[in-house]
Chemist: 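Structure in C-alpha cells, see below.
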There are 2 protein chains.
Amino acid sequence: MARINKTQYVLLGILRMRGPSTGYEMKSFIDESLNYFWMENYGHIYPVLKKLEETGRVTCREEANPGKPDRKVYTITEAGASDLESWLSTPFEGIIFKNELLLRLFLLPPDRDEEMIRMIRKERDHNKKLLEEYAHVEEHVRSVHGKQLNALLTLSYGRKFSEAVLEWCDEAMELLKEENK
Amino acid sequence: MARINKTQYVLLGILRMRGPSTGYEMKSFIDESLNYFWMENYGHIYPVLKKLEETGRVTCREEANPGKPDRKVYTITEAGASDLESWLSTPFEGIIFKNELLLRLFLLPPDRDEEMIRMIRKERDHNKKLLEEYAHVEEHVRSVHGKQLNALLTLSYGRKFSEAVLEWCDEAMELLKEENK
DNA sequence: GGATAAATATATCATAGTGATATATATAAT
DNA sequence: ATTATATATATCACTATGATATATTTATCC
C-alpha cells in the first residue's frame, strides 16, 4: 500500500471550505481549527501547494502586496475537488499515536517512582489546562457558528480524551503510592 | 529546539532492559510491547543502530547464523547508558497525535451524515476489538510478570483511551441521528 | 521615544520517520 | 506440494518536521 501524502487533501479540503486562500492563511486556519488532532507546517505546505498547482488541482493568482512578498492566492479546481472526493471515499487509517510519556514510563528502570510521579503530574496539569481551553473554544463555536456539527464533534473528542487521561493519571498515582507503602 | 531522534533512545532502553539483542529482536519486542503507543520500523532501526555503534554507545559482535544473514548482536555501553539516562531526565514533549478520522469528519461538507456514521461505526468496532485485546494482554501480563507496573500502566492507558473513544462514538451517533429527525 | 515582539507572507534545508521492497533460507501450516 | 511465517539484514523513495532566512508593517512594552 503506497503511502499517500495527506497534506494535499487537507489543503484541498480547506480551499473547498473557505474559498481562495494563501498558504499562510491555510496554515493559520489549521493552527486554529485542526490543531487538536492534526498539524501541518510551512516546510510541507509550500512544496505541496506547488505540486497541486503543477498537477492542475489548484490554480494560483499572484497579488501584489506592497512591502511584503506577493500573496499567492490558491483556488481549488474541479479536478482538485473530485480528487478530494475520491480520497474522502477511500477507507481511512487509524490514529497515528506516539506517546512519549508512555514510552518514558516504559523505558524507566524499576524503583524510579519519583520520576514517574513527576511525569504523570505534568501530564495531568497539561490536560487540566487543555480541558479549560476546550470549554472556552466550545462556547465560542456554539455562539458563532450556530450548530457547526463537525467542530463540535472534534471538540468533544478532545474533551473525552483529556478526561480519560486525567482519570488515568489519578489511578496511576494511586498505584504508585500504594506500591511505596 | 533541535529535533531529536528518539529511535536511538528506544533502542538503548530496550538493550538495557533486555540485554544484548539483534535489530530484528528489538523490532519484535517493540511490536509486542510498545505497539499501542510507539512504533518503529527497520528502515529506521538499522541506520540508527549503525550510528549508535559509530558513536560508541553500543558495541556489536557478529555471530554466524548458518543459512541466514549473520546475527549482529548489539550491547549497550556505559556511554550509551549514560546517554539514555540524560535523555530520560530531559523534559518530554506531549503526544503526537494525528487522527485521520477527525480530519475526515472535519473536511466532509455538511449533509454527508451517512458517510460520517459509517466512519464512526468503523472506529467504534475497532475500539471494541482493541478493548478485548487489552483484556487478554492484561491477564497475560499479570500472570507472567507478577506486578510489572510499567506494563500495567501503559495498558490501562490504552484501555482508558479506547473507552473514551467508544463513549464519543455513541454520543456522536446520537447527535447525528437527532439532527436528522 | 525607542526597542521589541507579533503578524503577514514566502521559501528552503537537513534531518527524522515511513512503507515498500530485496535477499535468503528454514520451518510450520494448509 | 504449496503457501505462509519466522529469522535476519539492508536500502530506497518519499513524506513530514523544525529551524531558519528574508522582509516589512503594526502593535505592545518599558
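So you know, we letter chains A, B, ... as the sequences are listed, proteins then strands, and number each from 1.
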Chemist: How many whole angstroms separate atom CD1 of B:Ile4 from atom C1' of C:dA14?
Modeler: 16 Å

Chemist: Which residue pairs pass the ring pair (Phe, Tyr, Trp, His ring centres under 6.0 Å) test with at least one member in residues 86-123 of chain A, sequence neighbours excluded?
Modeler: A:Tyr9-A:Trp87, A:Phe97-B:Phe97, A:Phe97-B:Phe161

Chemist: In terms of side-chain geometry, is the basic nitrogen of B:Arg71 or B:Glu25 positioned less than 4.0 Å from the acidic oxygen of its partner?
Modeler: yes

Chemist: With the threshold set at 4.0 Å, does a side-chain nitrogen-carboxylate oxygen contact exist between A:Lys129 and A:Glu133?
Modeler: no

Chemist: Choosing from C:dT10, C:dG17, D:dA16, which nucleotide comes nearest the side chain of B:Lys98?
Modeler: D:dA16

Chemist: Could you tell me whether B:Glu54 and B:Lys50 have a side-chain N and a carboxylate O separated by less than 4.0 Å?
Modeler: no

Chemist: Tell me if a side-chain donor or acceptor on B:Ser33 pairs with a main-chain N or O of B:Ile30 at a distance below 3.5 Å.
Modeler: no

Chemist: From C-beta outward on B:Arg71, which listed nucleotide comes closest to its side chain: D:dA8, C:dA16, D:dG18?
Modeler: D:dA8

Chemist: Does B:Arg61 pair with B:Glu63 as a salt bridge, N-O distance under 4.0 Å?
Modeler: yes

Chemist: Between C1' on D:dG18 and CG on B:Asn5, what's the gap in Å once rounded to a whole number?
Modeler: 14 Å

Chemist: Would A:Glu167 and B:Arg159 pass as an ion pair if we require N to O under 4.0 Å?
Modeler: no

Chemist: Is the shortest side-chain N to carboxylate O distance from B:Arg121 to B:Asp125 below 4.0 Å?
Modeler: no

Chemist: Rounded to whole Å, please give me the gap between CG in B:Leu11 and P in D:dT9.
Modeler: 12 Å

Chemist: Between C1' on D:dA10 and CD on B:Glu40, what's the gap in Å once rounded to a whole number?
Modeler: 16 Å

Chemist: Take atom OH of A:Tyr42 and atom P of D:dA21, then tell me their distance rounded to the nearest Å.
Modeler: 17 Å

Chemist: How would you list, by chain and number, every residue that makes a side-chain contact (heavy atoms from CB on, under 4.5 Å) with A:Thr59, sequence neighbours excluded?
Modeler: A:Thr75, A:Thr77

Chemist: Rounded to whole Å, please give me the gap between CE in B:Met39 and P in C:dT18.
Modeler: 7 Å

Chemist: Between A:Gln8 and B:Val73, name the one whose nearest nucleotide on DNA chain D is closer to the 5' end.
Modeler: B:Val73

Chemist: Answer yes or no: is there an ion pair linking B:Glu53 with B:Lys72, defined by an N-O contact shorter than 4.0 Å?
Modeler: no

Chemist: Angle between the end axes of the helix from C:dG1-D:dC30 to C:dT30-D:dA1, five pairs per end, to the nearest 10 degrees?
Modeler: 50°

Chemist: Are any of B:Lys6's side-chain N or O atoms less than 4.0 Å away from OP1 or OP2 of C:dG17?
Modeler: no

Chemist: Does C:dT18 have OP1 or OP2 under 4.0 Å away from a side-chain N or O of B:Asn41?
Modeler: yes

Chemist: Among residues two or more places apart or on two chains, list those pairs meeting ring pair (Phe, Tyr, Trp, His ring centres under 6.0 Å) that have a residue in residues 109-129 of chain A.
Modeler: none

Chemist: Going by number, which of residues 43-53 of chain B have a non-hydrogen atom under 4.0 Å from DNA chain C?
Modeler: B:Gly43, B:His44

Chemist: Check each residue of residues 21-31 of chain B for a non-hydrogen atom within less than 4.0 Å of any atom in DNA chain D, then write out the ones that pass by number, or none.
Modeler: B:Thr22, B:Gly23, B:Tyr24

